[in-house]
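Data block below; observations after.
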Protein chains: 2
Amino acid sequence: MSSSVQRPRVRKSPAARRAEIVDTAAAVALAEGLECVTLRRIGDDLGVRPGLISHYFPSAEELVAEAFGTAASGELDALLPEGPPGISPVRRLAGFLGRTTGEEYDAISRLWINARHLSRYRPALRDRVAEQEAAWRGRLESLIREGVERGEFRTPDPSVTTVQILVVLDGLGAHANTDTSGRPAAVARMAHITAERELGLAEGALSGPSA
Amino acid sequence: MSSSVQRPRVRKSPAARRAEIVDTAAAVALAEGLECVTLRRIGDDLGVRPGLISHYFPSAEELVAEAFGTAASGELDALLPEGPPGISPVRRLAGFLGRTTGEEYDAISRLWINARHLSRYRPALRDRVAEQEAAWRGRLESLIREGVERGEFRTPDPSVTTVQILVVLDGLGAHANTDTSGRPAAVARMAHITAERELGLAEGALSGPSA
DNA sequence: TTGCTTATTGGTCGCACACTCAATAACGTT
DNA sequence: AACGTTATTGAGTGTGCGACCAATAAGCAA
């Protein structure tokens with residue numbers, strides 16, 4: 001017990017320490033919210049003094065922005081990996097939509113709501129939000145374009161269709177802090193239905209056996 | 001200048017004072033955000049000591065919840081007044097959707113994002129959010145039901161259609177703190193298009209001459 | 001081994017917040 | 001005109017935050 005009170009001073013390379021800080025900040029952001037990303041909190045989690053965090057992030061706002069960026073881009077990779085283009089676009093899209101439901105996705109929705117709200121007051125975060133929105137949109141759009149090229153999807157404007165799907169997902173995610181359950185299927189599956197309609201797919205084509 | 005330093009003590013009836021407090025709190029919430037609803041800030045706006053606000057709201061969280069409730073219900077009345085059922089449902093719905101665009105509606109979207117996020121940490125606010133969501137849903141649903149009865153709308157499930165429209169509106173409003181402009185028409189009009197499709201209306205039927 | 005760079009500490013400062021409570025004065029009642 | 005109720009003040013407490021900085025020690029280089 002007394003050993004934890006007096007901790008030995010461990011000295012790491014700036015790159016390693018910085019990465020460590022950003023990673024735990026991202027984890028805190030995802031699990032508890034961006035306002036919990038404080039110098040003290042991250043320092044505690046790392047067994048380090050708050051001043052050290054300040055040393056790497058002279059402005060705390062910068063750390064918050066970085067935490068969001070890291071968390072959001074990590075979740076995008078989990079939700080819709082760039083992956084090898086071997087898998088069919090229909091399956092990839094079905095997989096993505098399938099992952100936009102459940103407790104784990106609720107955490108992501110919460111993070112987005114959190115970031116979109118906080119970006120009202122924090123310019124650095126606002127930039128990161130715009131950046132991540134572009135990244136998410138880009139990832140989905142290139143999937144859709146690939147599907148169009150392969151003849152699996154049919155849409156006059158892949159860019160518009162992409163945003164339409166994302167708008168529905170944002171709308172569904174808006175309630176991640178309240179109800180989330182007990183939605184009729186016609187609502188819970190709105191993203192699927194929208195994608196199928198806008199991409200010229202048969203009804204249910206995106207609810208298939210893909211995870 | 002010295003007159004403002006030493007202010008005369010004005011004594012109001014509890015009901016009047018409380019209403020005054022809630023009104024300014026709601027205004028602050030709408031214009032600057034729920035985290036700006038603090039004892040000090042509301043006290044300053046009213047030319048009164050913070051302790052007085054505490055006297056009426058022993059818990060500050062209660063005031064924040066009340067501020068949101070008042071602001072949200074006021075905006076609902078402005079957006080979709082219960083009004084006399086003389087006006088046709090098509091016109092009322094068109095009016096409502098027409099008001100969901102522009103800088104003024106952005107402020108409302110910001111408030112919703114704010115409240116949905118903050119309700120993650122504040123139970124009292126969470127209850128108010130649920131209450132207001134029910135109020136908004138109820139108002140729109142009864143409009144739709146009336147339209148169905150009058151034969152203007154056609155939908156198998158007014159309740160589901162209501163939520164579908166609201167989901168799209170939430171999705172569009174999610175970006176109120178960032179881009180909002182420069183959206184292609186097919187996106188900006190998503191709520192209109194969704195409503196027209198789900199209610200069996202002709203394309204453009206909700207974009208008419210109604211304000 | 002000696003020395004230098006700098007990662008890391010420990011402590012401090014100022015600010016904003018909610019909350020508490022005894023003292024005070026405005027106002028209706030008598 | 002005196003009284004009593006209570007709305008309102010003033011002052012103080014404790015907490016958590018970011019920012020700042022001199023002192024310290026870890027580890028690399030000479």
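Here is how names work: the chains are called A, B, and so on, in the same order as the sequence lines, proteins then strands, and each is numbered from 1.
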Between atom [atom1] in [X] and atom [atom2] in [N], what is the gap in whole Å?
| X | N | atom1 | atom2 | value |
| --- | --- | --- | --- | --- |
| Arg122(A) | dG18(D) | CZ | C1' | 10 Å |
| Glu35(A) | dC17(C) | CD | P | 16 Å |
| His55(A) | dT8(C) | NE2 | P | 7 Å |
| Leu52(A) | dA26(D) | CG | C1' | 13 Å |
| Arg49(B) | dG12(D) | CZ | C1' | 13 Å |

Quick check on side-chain contact (heavy atoms from CB on, under 4.5 Å): which of Val37(A), Leu39(A), Thr38(A) does Ile53(A) satisfy it with?
Leu39(A)

Less than 4.0 Å between a side-chain N and a carboxylate O, is that true for [Y] and [X]?
| X | Y | value |
| --- | --- | --- |
| Glu146(B) | Arg92(B) | yes |
| Arg41(B) | Asp45(B) | yes |
| Arg120(B) | Glu32(A) | no |

Is there a side-chain contact between Pro158(A) and Phe153(A) (heavy atoms, below 4.5 Å)?
no

Give a yes/no answer on whether the side chain of Tyr56(B) brings an N or O atom under 4.0 Å of OP1 or OP2 in dT8(D).
yes

Side-chain donor or acceptor of Arg110(A) paired with backbone N/O of Ala176(A) under 3.5 Å
yes

Please give me the minimum heavy-atom distance between His192(A) and Gly98(A), naming the atom from each residue.
NE2-N, 4.1 Å

Check each residue of residues 14-31 of chain A for a non-hydrogen atom within less than 4.0 Å of any atom in DNA chain D, then write out the ones that pass by number, or none.
none

Excluding sequence neighbours, so at least two apart, what forms side chain to side chain contact (heavy atoms under 4.5 Å, CB included) with Asp170(A)?
Arg116(A), Ala174(B), His175(B)

At under 4.0 Å between heavy atoms, which parts of nucleotides 18-30 of chain C does protein reach? Answer with one letter per nucleotide, 5' to 3': B base, S sugar-phosphate only, - none.
BSB---BBBS---

